[in-house]
Each structure stands twice: as C-alpha cells, then as structure tokens.
Amino acid sequence: MFNIRYKQLNRHIGNAEKTFVIAEIGQNHQGDINLAKKLIKTALECGADCVKFQKSCLSEKFSKLALNRNYESPNSFGKTYGEHKAFLEFSQAQYRELQKYSDELGMFFTASAMDIKSLDFLANINVPFIKIGSGDANNLPLIERASQKDIPLVISTGMQDFATVKNIYRLVSRYHKKFALLHCISAYPTPYEDINLNVINLYKREFSDITIGYSGHELGIHITTAAVALGSKIIERHLTLDKTQKGSDHKCSLDPQEFHQLVNNIRTLESAMGQPIKIMQISELPCYQKLGKTLVYVKSLPKGHKLDFEELNVKVAEPKGIDGSKLSEVIGQMLVLDVEEDESVLSKHLLKIK
Ligand SMILES: CC(=O)N[C@H](C=O)[C@@H](O)[C@H](O)[C@H](O)COP(=O)(O)O
Ligand SMILES: C=C(OP(=O)(O)O)C(=O)O
C-alpha cells in the first residue's frame, strides 16, 4: 500500500505485492566495515530485498548513566555499555560508504533511527524508508518527527502492549498511511510459546488500511514462513556470517544458507497461496481421469424408467460418465434407453423431466 523508491530502485509494498524481505545486519558486522560489506553482498545473494543497519547517536539515545553502566557479558565489546556501543557504531561517513556500496549492488539500504539526530541523518541521505525498532516504539516524539518527513516508516512493536500499538497507529495516521507495523517479540532467541503469531491477525483486523509484517528473533525459519502465510508483507530477520561470533544477536540470526532457504520458502509459499477460488485444477486431471468417481446404475433398468436414489452408485468407472457430485440432479430423470448393471451413467441416457 505504499511505494519505496531509491534512485533506480522501486518497490510496491502491500497486500497484493510480493513479501518485502529485510536482512537486518544490525550490529552483526562486529564494528568492521569490510564485514558489513560482506554481509550486504551476502544478503543480496540470499535474495533479500533490503539491508538494514542500526543508527544511533549515543549521547542522544542513552543517558550518561546508561552509557557508563558496566557491560560484563560474553557479548560485550567494551567495559561500559557506552564503550560497547561505540565500538559497534559506524560513523556518518561509514554509513555513506555502505550506502554507496549497496547502491552499486542495486540493493535497498536503510537503518533504524534510534534517536532524532540519527533520524535526521538518515532522512538526509535519502534512505527509501526509515525503520523504527521496537526500542523506539514507545518513543512518540521520535515517531511523530519521523511521520512529519515524507518517508515511509516500518515500525516494530516488540516490548509494547496493544494500547501503545494503537497509539502509534493513530499518531502516524495523522500524517500519512505510508507505514507498516511489524509484530515482534524482543527476546533473543524468542521462545516459540511467546511469539503469538495470531497478533498478526489482530493487527490485520484492527489496522486494515496499512501493511502488516513480522520481525522475528526465534530460532529457525519455519515460524517466519508461517508469518507470511498469515499475511505478513514485510519480513525482517537478522543475518550473520557466523552464529558462533561474539555479539548478542548472532545466535538467533540466520546464516546465509538459512536466509536463502527462508526467501525461497517465502517465494514458494506466495505462489502456493493463490486465490480463494475452489475449482478443479488442470494439474488434477490425470488423477481425476484415473480415480475420479462417476455415477453408475446399481442394476439393469428399462427405457422410460425414472431414476431413484437407490438405483445409482458412485464408482471409478469406465467410460467416465456423469460426475458423482451430480447425483441429486440425476435423480428423477428418465432413461431414454435400456441400461445395464454397473454401466456408467452418461448424459445421452437421460431425459430431464420438467
Ligand atoms: C531492541 C533492539 O534494539 N533490538 C535490536 C534489534 O533486534 C538488537 O539488534 C539489539 O541492538 C541488540 O540485541 C543489542 O545487543 P547488545 O546490548 O549486546 O548491544
Ligand atoms: C530493534 C530493531 O528491530 P526489531 O524491533 O524489529 O527487532 C531495529 O530495527 O533496530
């Protein structure tokens, strides 16, 4: 229901469109721009439509005490949380370099804006849409400012309750409808019983005029594939080159093989979803010819006889006659010739009595 555009790239996002698949690189680059580029290239090879990073200006995103708190963890890249985050944060110049690299590959490039300064920077470099991560789903000033820019928004809703999600919807809707809400549970990895995939149905019902998607942090790809079957039109999953690397997100990220398989599964599922139209498919004809059932006469009957329910059976018969589903239409019709027991009922045997 909205378009994202960047230079020569143009994609429609919405219910009638193919699922838009975002490879979340996040901070899986370990602070290394070459690794980041390798991840972008891998995302392209895996069939992702877009790569995404996380942009912060640390003094804007965190309070001083939050930056100074100890971060003792096997996933820590610094003594304090501030040092850890600074290690993983790319500069604006590095963002421009990564954007240029994505441009050369013909790949959509964006990031989540984790504070107002980062939002303004991303808008400035013309990203095709702005991601608002779950950590900012309750940051209404940031969401309002993002809504005031003429850029589509993709907003995740992890860690929030439904009242907050409704507030986000109302707030952005005051400005435009070029936005999507993603169901998300911010647990790394997410226990399956906490996922509540049915929230996608709730969002589709309550927010029927916008696009709904899913940002998953569970292990594996099957639940995310199911999210597409439920109607998610944007999918976001973390991508890693090595799940054993240091960092909070690697374990619940997809490796290239899994990511590729996820995209293939989504594309197969899309072609399998089809339309809510129930007909016999051409591909079913061989089976129908071999095993489809036909009306047959239970016993020999004379010309002029009016057919009754007990005189008709449904069998795999030769030649193929009137389809078994037409039983009620055949009852009451008159035979125009003598017929044998077990013979297929053919339309040329029958005369409809008005
Ligand atoms: C809520 C949110 O921002 N979540 C992000 C997106 O999923 C994550 O990538 C975090 O940045 C990451 O898990 C933080 O890890 P650490 O605290 O080790 O830097
Ligand atoms: C936190 C983020 O994503 P999500 O909430 O979808 O996991 C993000 O995009 O930065």
Side-chain angles (χ1 to χ4, degrees), residues 20-31 36 39 43 48 50-58 60-62 66-67 69-90 95 108-115 118-119 122 127-139 142-143 146 152-160 164-165 168 179-190 194-195 199-200 203 211-219 223-224 227 232 234-240 243 245-254:
F20 188 74
V21 181
I22 303 171
E24 161 72 312
I25 293 171
Q27 49 190 38
N28 281 351
H29 49 68
Q30 318 295 90
L39 279 156
C50 178
V51 285
K52 191 190 89 54
F53 289 79
Q54 296 172 10
K55 185 78 195 100
S56 299
C57 168
L58 297 186
E60 300 288 319
K61 175 172 172 176
F62 297 98
L67 285 174
R69 69 191 176 197
N70 279 338
Y71 192 38
E72 274 169 37
S73 153
N75 294 319
S76 169
F77 290 89
K79 275 201 304 295
T80 62
Y81 201 63
E83 280 174 18
H84 161 76
K85 283 299 193 189
F87 184 89
L88 293 169
E89 188 63 41
F90 287 137
Y95 262 84
F108 281 116
F109 169 92
T110 193
S112 35
M114 296 186 146
D115 51 75
S118 302
L119 169 70
L122 292 171
V127 291
F129 66 94
I130 302 264
K131 170 80 190 290
I132 303 288
S134 298
D136 284 291
N138 66 352
N139 187 347
L142 177 74
I143 294 175
L153 302 178
V154 173
I155 306 172
S156 264
T157 57
M159 301 181 280
Q160 312 303 324
T164 305
V165 178
I168 301 168
F179 74 108
L181 288 175
L182 308 190
H183 174 44
C184 177
I185 302 293
S186 305
Y188 303 78
T190 308
D194 286 355
I195 296 177
V199 169
I200 293 166
Y203 284 8
T211 299
I212 302 303
Y214 177 67
S215 172
H217 301 298
E218 74 283 358
L219 299 178
I223 302 295
T224 300
S232 298
I234 299 176
I235 286 295
E236 182 179 315
R237 289 299 307 259
H238 285 256
L239 173 67
T240 181
K243 290 189 193 212
Q245 276 174 312
K246 179 161 106 174
S248 298
D249 299 334
H250 289 291
K251 265 192 214 59
C252 57
S253 299
L254 304 180

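Everything numeric in this text was worked out from a predicted model, so none of it was measured. Whatever order the structure lists ligands and atoms in, that order sets their numbers, starting from 1.
Taking a cut-off of under 4.0 Å to the non-hydrogen atoms of Lys52, the atoms of ligand 2 that pass are 8 (C), 9 (O), 10 (O). Listed by atom number, the atoms of ligand 2 under 4.0 Å from Ser215 heavy atoms are 4 (P), 6 (O), 7 (O). The Met114 neighbourhood of ligand 2 comprises atoms 10 (O), with distances under 4.0 Å to a heavy atom of that residue. Residue-ligand proximity, Ser112 to ligand 2, at heavy-atom distances under 4.0 Å covers atoms 8 (C), 9 (O), 10 (O). Shown in contact with Ser156 at under 4.0 Å from a heavy atom are these atoms of ligand 2, numbered in order with element: 4 (P), 5 (O), 6 (O). Listed by number with element, the atoms of ligand 2 under 4.0 Å from a non-hydrogen atom of Gln54 are 10 (O). Shown in contact with Glu236 at under 4.0 Å from a heavy atom are these atoms of ligand 2, numbered in order with element: 3 (O), 6 (O), 9 (O).
Side-chain contact between Gln27 and Gln54 is present, with heavy atoms from C-beta onward closer than 4.5 Å. Side-chain contact check for Phe20 versus Cys50: some heavy-atom pair is nearer than 4.5 Å. Inter-residue side-chain proximity for His183 and Tyr203 is flagged as met; some heavy-atom pair is nearer than 4.5 Å. Side-chain contact check for Phe129 versus Leu153: every heavy-atom pair is 4.5 Å or farther apart. Put simply, the side chain of Val154 reaches to within 4.5 Å of the side chain of Ile234, judged on heavy atoms. Residues Cys252 and Thr190 have side chains not in contact (no heavy-atom distance under 4.5 Å, counting atoms from C-beta outward).
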Between ligand 1 and the protein, which N/O pairs are shorter than 3.5 Å?
from, atom 1, to, atom 2, distance (Å)
ligand 1, 4 (N), Tyr188, OH, 2.8
ligand 1, 7 (O), Tyr188, OH, 2.8
ligand 1, 7 (O), His238, NE2, 3.0
ligand 1, 9 (O), Gln54, NE2, 2.8
ligand 1, 9 (O), Asp249, OD2, 2.4
ligand 1, 11 (O), Gln54, OE1, 3.0
ligand 1, 13 (O), Asp249, OD1, 2.6
ligand 1, 15 (O), Gln27, NE2, 3.2
ligand 1, 15 (O), Ser248, OG, 3.4
ligand 1, 17 (O), Tyr71, OH, 3.4
ligand 1, 17 (O), Tyr81, OH, 2.4
ligand 1, 18 (O), Tyr71, OH, 2.7
ligand 1, 18 (O), His84, NE2, 3.3
ligand 1, 18 (O), Ser248, OG, 2.4
ligand 1, 19 (O), Gln27, NE2, 2.6
ligand 1, 19 (O), Tyr81, OH, 3.4
ligand 1, 19 (O), His84, NE2, 2.7
ligand 1, 19 (O), Lys85, NZ, 2.8

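For atom 3 (O) of ligand 2, the closest non-hydrogen atom on the protein side is Lys131 NZ, 2.9 Å. Of all protein heavy atoms, the one closest to atom 7 (O) of ligand 2 is His217 NE2, 2.6 Å. For atom 2 (C) of ligand 2, the nearest non-hydrogen atom of the protein is Gly133 CA, 3.5 Å. Nearest to atom 5 (O) of ligand 2 among the protein's heavy atoms is Ser134 OG, 2.5 Å.
Here the rule is ring-ring contact (aromatic ring centres under 6.0 Å, His included) with Tyr71, and of Phe87, Phe62, Tyr81 only Tyr81 fits it.
Counting only distance, with no hydrogens or angles, the side chain of Ser118 and the backbone of Cys57 share a donor-acceptor pair below 3.5 Å.
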The test is side-chain contact (heavy atoms from CB on, under 4.5 Å); show your working for Glu83 and Phe77 and say whether it passes.
CA-CA 7 Å; Glu83 280 174 18; Phe77 290 89; over 6 Å; no
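The two atoms that bring Pro128 and Pro152 nearest to each other are O-CD, 3.4 Å, heavy atoms only.
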Side-chain atoms of residues 130-139: list all donor-acceptor pairs with protein atoms under 3.5 Å, sequence neighbours left out, distances to 0.1 Å.
from, atom 1, to, atom 2, distance (Å)
Lys131, NZ, Glu236, OE1, 2.9
Lys131, NZ, Glu236, OE2, 3.0
Ser134, OG, Gly158, N, 2.8
Asp136, OD1, Asn139, ND2, 2.9
Asn139, OD1, Leu142, N, 3.3

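With salt bridges taken as basic N to acidic carboxylate O contacts below 4.0 Å, none links Lys61 and Glu89.
At a 4.0 Å cut-off, at least one heavy atom of Cys184 sits close enough to ligand 2 to count as contact.
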